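Owing to the predicted nature of the structure, the values given are computational and were not obtained by experimental measurement. Whatever order the structure lists ligands and atoms in, that order sets their numbers, starting from 1. Residues take their numbers from the sequence shown, with the count starting at 1.
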Amino acid sequence: MRGIDKNMSEFIDPNIVKKIESLRKELHKHNYRYYAMDDPEISDSEYDRMMQELIELETEYPELLSPDSPSLRVGASPLKKFETVRHSVKMLSLDNAFSNSDVLDFDRRVRKELGTDEQILYTAEPKMDGVAVELVYEDGTLVIASTRGDGETGEEITANVKTIRTVPILLQPRKEKSVIPVSLEVRGEVVISREGFRRLNEDMLSRGLPLFANPRNAAAGSLRQLDSKMTARRPLEIFFYGTGEADGINIESHWDRLCALKELGFRINPHIRPKIKIDDVLEYYRELEKKRYELPYDIDGMVIKTDSIRLQLRLGSTARSPRWAIACKFKAIQETTRILDISVQVGRTGTLTPVAHLETVNIGGVNVNRATLHNEDEVKRKDVRIGDTVIVQRAGDVIPEIVKVINTARNGNEKVFNMPENCPSCGSRVVRDEKEASVRCSNEFCSAKIKAQIEHFASKRAFDIEGLGDKLTGQLVDKGLLYSYADIFYLDKTEIESLGRMGAKSAENLAEAIEKSKNIPFARFLYALGIRHVGEHIAEILSLKYSSLESLFGATYDELKEIKGIGPVAAKSLIDFLNREENLKKIDRILRSGVKLLFKEEIKKVTLGGKVFVLTGVLETMTRNEAVNKIKMLGGKVSESVSKKTDYVAAGKSPGSKMEKARALGVEIIDEDTLKAMLGS
Ligand code: IVH
């Protein structure tokens, strides 16, 4: 460790110097155990306490600050501008392949170039959809981190990169015999998981800030903050996939090089398939495409790399890209189609959302005939008109959206769309919220709004009432059987049956599902209420802070906005909601029906109290989200990776490497049926 400069520390109590050195050493070690070894020795709160102690000491003795201190994870002083950095080895790009035959062509080219008929071994990796960075280490300490830029020079973002917990600030060899290279440049991809992205945008929304379009933009925006304390609050992660100049890593194959990086504490993607023949590469390509939405972060393809470094050198590179590697992109998640009409949907807070009706198009195996246009500004910005030919995108379970209009396809008959002045459902005048670029129906009793509120209330992540979908909700509201979500618990079987839509059995099932939903964690209850700006994340924060409804009702605006993660916008919205008599009446009506809120203490008491689950493979009778929700509801925890702290690994169909790890660590592996039984379903 570089440690503390002797001259600086001359006049300071040696015990303080020692304490700081030992805290740094411990924090580096725990960080390494957490991310590189996936085997933490201490709890997050203990780690936070040690970090806090170090920060306090460093604030008191600024002369003892050091560039290798783990305290830099929380950010350093803001910059005025980014400096530029020249990469000592150009950061190349990759050529693209789009199909199996492109991949086979690549393999043929490689063999031809090398003048061989023998099979080439490739290492195949997920192509992560983030931001490329280079990190330079001298004597094991991270000294410079930069963006790829134009490949020759990038921007210096060292302070920002140090805030990423998966980045080693100081290298710690895992094995006694591994040596730390004098100089090492490592390259990797910074990403934000889809969950991290969702939370980040929820937070941005609650603070009235503009949203990020996708996780990649969020990662890029977070890395380009002049104030690294801002970056420290973003959920950035990194995977390393190669090196620039690397003195002392004298290795014959790409895979061995990745293993050497792993030994030094760099995080490597766990889904890499090393040293495989071209047929297996094609198989992996298919598998990866199927698995892509199960991974927590976005990937947009596979990268294959000729594994032998000797062969890589023989193949060489063009000015743009290496001849030994290729990016194999996944099937388009974008397709071209035509807009037949644009209608307006009324959401649960009354917001009017323009929706494009499309000529049905198959995107990545799913038929799509609707796409959201978000809001009026978006329609104007993209200049979307009825009759336009457009590019539509769908990714995983997100709502399809219009990427852009193909202007050259216009014939002059396209119709400009304008937001209506009146609600399309109830006819009331709409109001405009300039700050949020939204238009809302002003009528409290608008039936479209009530229907959307009920759908949200009954949805999976809220009360999770199976069978109460949009069609049935629509009928129940239209027939005057539901006036608000609070009425759900007063519906009876005969009323449901009277709609003539379902048989006695289905009506009974629904009544049962309603009954079953009545024990609900406080966070999901708060989320179900559909309060503007109070999404799942904020509901979760509130549920941790308040352990009764009364204490939440007693909170003031000032108190709420000071809570970490809750900004003034969400705080105001919550206070407005609670100040309205009719909302309190609805809550009272829900509780009087026998709904029981589970507050954090009670949740812990239930069967899974504190047990840590890891899910792997595909579950067949429930979605991953459902399983996660249920485990959390019963007081359990869900972790992404297996460690000694894991209590159960629940394995669905085609489980991944987590199962092997569980076996190696002796963690109990349970199948889906057992998981279901534990979750009481
Ligand atoms: S290797 C010379 N491996 O894709 C080889 N790149 O178009 C250079 N990327 O700028 C890159 N995952 O940002 C490599 N497993 C992976 C990757 C990966 C994502 C990105 C990287 C690069 C771009 C190339």
Basic-acidic side-chain contact under 4.0 Å: Arg224, Glu155: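 Salt bridge: yes.
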Electrostatic pair Glu195-Arg199, nearest N-O below 4.0 angstrom: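 Yes, charged N to carboxylate O under 4.0 Å.
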Starting from the N and O atoms of ligand 1, find every protein N or O within less than 3.5 Å and list the pair with its distance.
| unit_1 | atom_1 | unit_2 | atom_2 | d |
| --- | --- | --- | --- | --- |
| ligand 1 | 3 (N) | Lys305 | NZ | 2.9 |
| ligand 1 | 4 (O) | Lys127 | NZ | 3.3 |
| ligand 1 | 7 (O) | Leu94 | N | 3.4 |
| ligand 1 | 12 (N) | Met128 | N | 3.1 |
| ligand 1 | 13 (O) | Glu189 | OE1 | 2.5 |
| ligand 1 | 13 (O) | Glu189 | OE2 | 3.3 |
| ligand 1 | 15 (N) | Glu125 | OE1 | 2.7 |
| ligand 1 | 15 (N) | Pro126 | O | 3.3 |

For the student: nearest non-hydrogen atoms of Leu264 and Leu171, plus distance: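 Answer, listing the atom of Leu264 first, then Leu171: O-CD2, 3.8 Å.
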Heavy-atom pair of closest approach, residues Leu258 and Gly242: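 Residues Leu258 and Gly242, closest heavy atoms: CD2-N, 4.2 Å.
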For Phe197, all residues meeting ring-ring contact (aromatic ring centres under 6.0 Å, His included), sequence neighbours excluded: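 Result, ring-ring contact (aromatic ring centres under 6.0 Å, His included) vs Phe197: none returned.
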Ring-face cation of Arg165 near Tyr47 (centre distance under 6.0 Å, axis angle within 45°):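 Yes - Arg165 lies over the ring of Tyr47, closer than 6.0 Å to its centre and within 45° of its axis.
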